[in-house]
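Chain letters run A, B, ... following the sequence lines, proteins first and then strands; every chain starts at 1. What you see is a predicted model; the values in this text were computed from it and never measured.
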Number of protein chains: 2
Amino acid sequence: MRVLIVDDHQLIRAALRDLLHRQYSILDCVEASSGETALSAVKQKEFDVAIVDLFIPGETAFVFLQKLCKQRPSLPVVVLSATDNQQHMQQCIDLGAKAFVNKGEAMEKVIDAIEKVIIGDVFLPSALSKKVETSISPESGELPDLNLEIVLKVLTDRQLDILRMIAQGKSNKVIAREKELSDNTVKVHVSAILRALDLKNRTQIGLLAQKLGLINFN
Amino acid sequence: MRVLIVDDHQLIRAALRDLLHRQYSILDCVEASSGETALSAVKQKEFDVAIVDLFIPGETAFVFLQKLCKQRPSLPVVVLSATDNQQHMQQCIDLGAKAFVNKGEAMEKVIDAIEKVIIGDVFLPSALSKKVETSISPESGELPDLNLEIVLKVLTDRQLDILRMIAQGKSNKVIAREKELSDNTVKVHVSAILRALDLKNRTQIGLLAQKLGLINFN
DNA sequence: ACACCAATACTCCTAAAGTATTAGTGACCT
DNA sequence: AGGTCACTAATACTTTAGGAGTATTGGTGT
């Protein structure tokens with residue numbers, strides 16, 4: 001069993017490793033504490049399953065998840081999350097994850113999930129299947145119809161970067177200083193984001209980012 | 001060694017337990033998955049140290065921490081956090097915690113922290129001592145600690161009304177037209193909201209509203 | 001009758017946000 | 001080698017946001 005563990009918390013990685021060791025006598029376990037190292041790991045090596053924590057620093061977890069699933073569509077991904085947010089679950093599945101496990105649940109759920117996904121099944125908490133069908137936009141539908149894939153596609157890396165900072169309530173000036181850019185440049189990027197996503201102002205950018213889970217909650 | 005572990009994630013509890021078992025041959029380890037059970041545990045039993053996870057959002061963690069430290073001032077508390085937020089660290093120390101360890105760091109830090117606090121010392125990441133003196137940065141992307149009750153209490157009905165419209169990405173002009181007010185009046189309300197909640201701009205109002213779930217109900 | 005306060009509206013003012021255009025640079029492509 | 005594109009930055013401009021102050025209205029409670 002070749003497993004890739006992606007989590008920035010060493011404590012969790014160790015717990016997962018121990019859990020897997022008890023379950024599988026033959027275990028090849030690679031750990032990554034960031035999205036970048038994880039992606040380079042899957043380039044060099046084949047894995048049977050990947051266990052990914054939903055909130056990893058540096059890059060947004062969802063962006064990483066998409067990259068991972070695109071790069072290795074055959075690699076089943078089990079998402080570990082500290083939350084039970086239905087939107088996040090749905091988003092993960094849409095991006096290509098094959099299982100979703102809450103950290104608060106019993107650890108054995110992780111093993112259950114692995115067993116399911118390596119035979120091609122999907123493992124989801126019962127909560128999701130119920131809510132998926134009912135979650136069709138009960139929303140204050142002011143924002144354009146944008147999903148994560150579209151946003152990631154039409155925005156450049158730099159724009160995504162600045163989008164996240166807008167979504168933290170930061171002003172252009174603060175963004176400029178933190179990124180070491182001129183105010184003018186920031187404004188150009190903001191304008192480009194607004195045009196690309198057909199939004200009217202930065203408040204809507206913030207709302208969209210929140211809705212799509214593009215924010216690092218830290 | 002009698003240790004109380006408070007964390008809602010079974011994975012983390014197990015990892016900590018294993019870690020402690022390897023370190024201390026004589027170990028009496030009690031686990032609690034919620035604040036309530038933890039508080040009742042310390043009523044019935046004496047502990048040498050408590051390890052408490054900071055489940056950040058919701059504020060219950062801080063409330064619990066305060067209760068715990070008040071109830072047993074002699075019990076040293078090690079706070080485990082997923083973030084390295086300086087304000088959170090400072091707040092924990094103010095409430096009576098004796099150590100602060102980031103989950104991303106090496107697990108051995110937890111042992112280090114325990115060793116420190118049981119002899120009466122304080123264990124802090126180097127980051128804190130540096131940043132404490134530089135005060136709480138006014139330009140960080142962090143929202144003030146606000147929960148729903150506080151917001152509903154300090155804002156008038158009209159302000160809540162306008163807060164929701166801001167949180168939908170509407171401009172002052174749009175709000176004024178829809179509510180049949182003058183632009184000036186809307187601005188007065190917006191200013192009052194910003195002042196009352198100690199926020200810096202309307203983007204943060206939108207984020208707060210989203211975070212507190214204030215935008216679904218009308 | 002009085003004090004209090006939310007809500008409304010106004011003015012004056014500054015800062016921030018956003019639009020439009022031009023332009024230099026480097027990377028990548030095929 | 002020429003073309004495209006992302007990023008950067010500048011100038012010049014309009015619009016929006018936000019602060020500070022004043023004032024009127026209408027309701028509330030004591």
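B:N201 comes within contact range of the sugar-phosphate backbone alone, with a heavy-atom separation under 4.0 Å but no base atom that close.
With salt bridges taken as basic N to acidic carboxylate O contacts below 4.0 Å, one links A:E31 and A:R17. A salt bridge links A:R158 with A:D161; the closest basic N to acidic carboxylate O contact falls under 4.0 Å. One finds no salt bridge joining A:D7 and A:R13 here, because no Lys/Arg side-chain nitrogen approaches an Asp/Glu carboxylate oxygen to under 4.0 Å.
Atom CG in A:L208 sits 6.0 Å away from atom CG in A:L197 (nearest 0.5 Å). A:K103 NZ to A:I12 CD1: the interatomic distance, rounded to the nearest 0.5 Å, is 4.0 Å.
For B:M165 and D:dA17, the CE to P distance is 13 Å, given to the nearest whole Å. One atom, CD1 of A:I205, and another, C1' of C:dA17, lie 11 Å apart when rounded to the nearest Å. Atom P of nucleotide C:dA17 and atom CG of A:L194 are separated by 12 Å, given to the nearest angstrom. Note: CD1 (B:I193) to C1' (D:dG19) measures 15 Å, nearest angstrom. Atom CZ in A:R195 sits roughly 11 Å away from atom C1' in C:dG18 (whole-Å rounding). One atom, CD1 of A:I175, and another, C1' of C:dA17, lie 11 Å apart when rounded to the nearest Å. Atom CG of B:L199 and atom P of D:dG18 are 11 Å apart (whole Å).
Side chains of A:D112 and A:V101 form no contact here, defined as non-hydrogen atoms less than 4.5 Å apart. At a threshold of 4.5 Å between non-hydrogen side-chain atoms, the residues A:R202 and B:R202 do not count as touching.
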Between the protein and nucleotides 22-30 of chain D, list the N/O to N/O atom pairs that are separated by less than 3.5 angstrom.
none

Pairwise N/O distances under 3.5 Å, protein to nucleotides 3-8 of chain C:
| unit_1 | atom_1 | unit_2 | atom_2 | d |
| --- | --- | --- | --- | --- |
| C:dA7 | OP1 | B:T156 | OG1 | 3.3 |
| C:dA7 | OP1 | B:R158 | N | 3.2 |
| C:dA7 | OP2 | B:T156 | OG1 | 2.6 |
| C:dT8 | OP1 | B:R158 | NE | 3.1 |
| C:dT8 | OP1 | B:R158 | NH2 | 2.7 |
| C:dT8 | OP2 | B:R158 | NE | 3.2 |
| C:dT8 | OP2 | B:H189 | NE2 | 2.7 |

Write down the protein N/O and nucleotide N/O pairs, taken from nucleotides 11-16 of chain D, whose separation is under 3.5 Å; answer none if there are no such pairs.
| unit_1 | atom_1 | unit_2 | atom_2 | d |
| --- | --- | --- | --- | --- |
| D:dT16 | OP2 | B:K173 | NZ | 2.7 |

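Residue B:I193 forms a side-chain contact (heavy atoms from CB on, under 4.5 Å) with just one option from B:V154, B:L160, B:L163, and that option is B:L163.
A 6.0 Å sphere centred on CG of A:D157 holds no more than 12 heavy atoms belonging to other residues, nucleotides or ligands. For A:K45, the NZ atom sits in a packed shell: over 12 heavy atoms of surrounding residues, nucleotides or ligands are nearer than 6.0 Å.
Looking only at distances, a side-chain donor or acceptor of B:S191 sits under 3.5 Å from a matching main-chain atom of B:K187.
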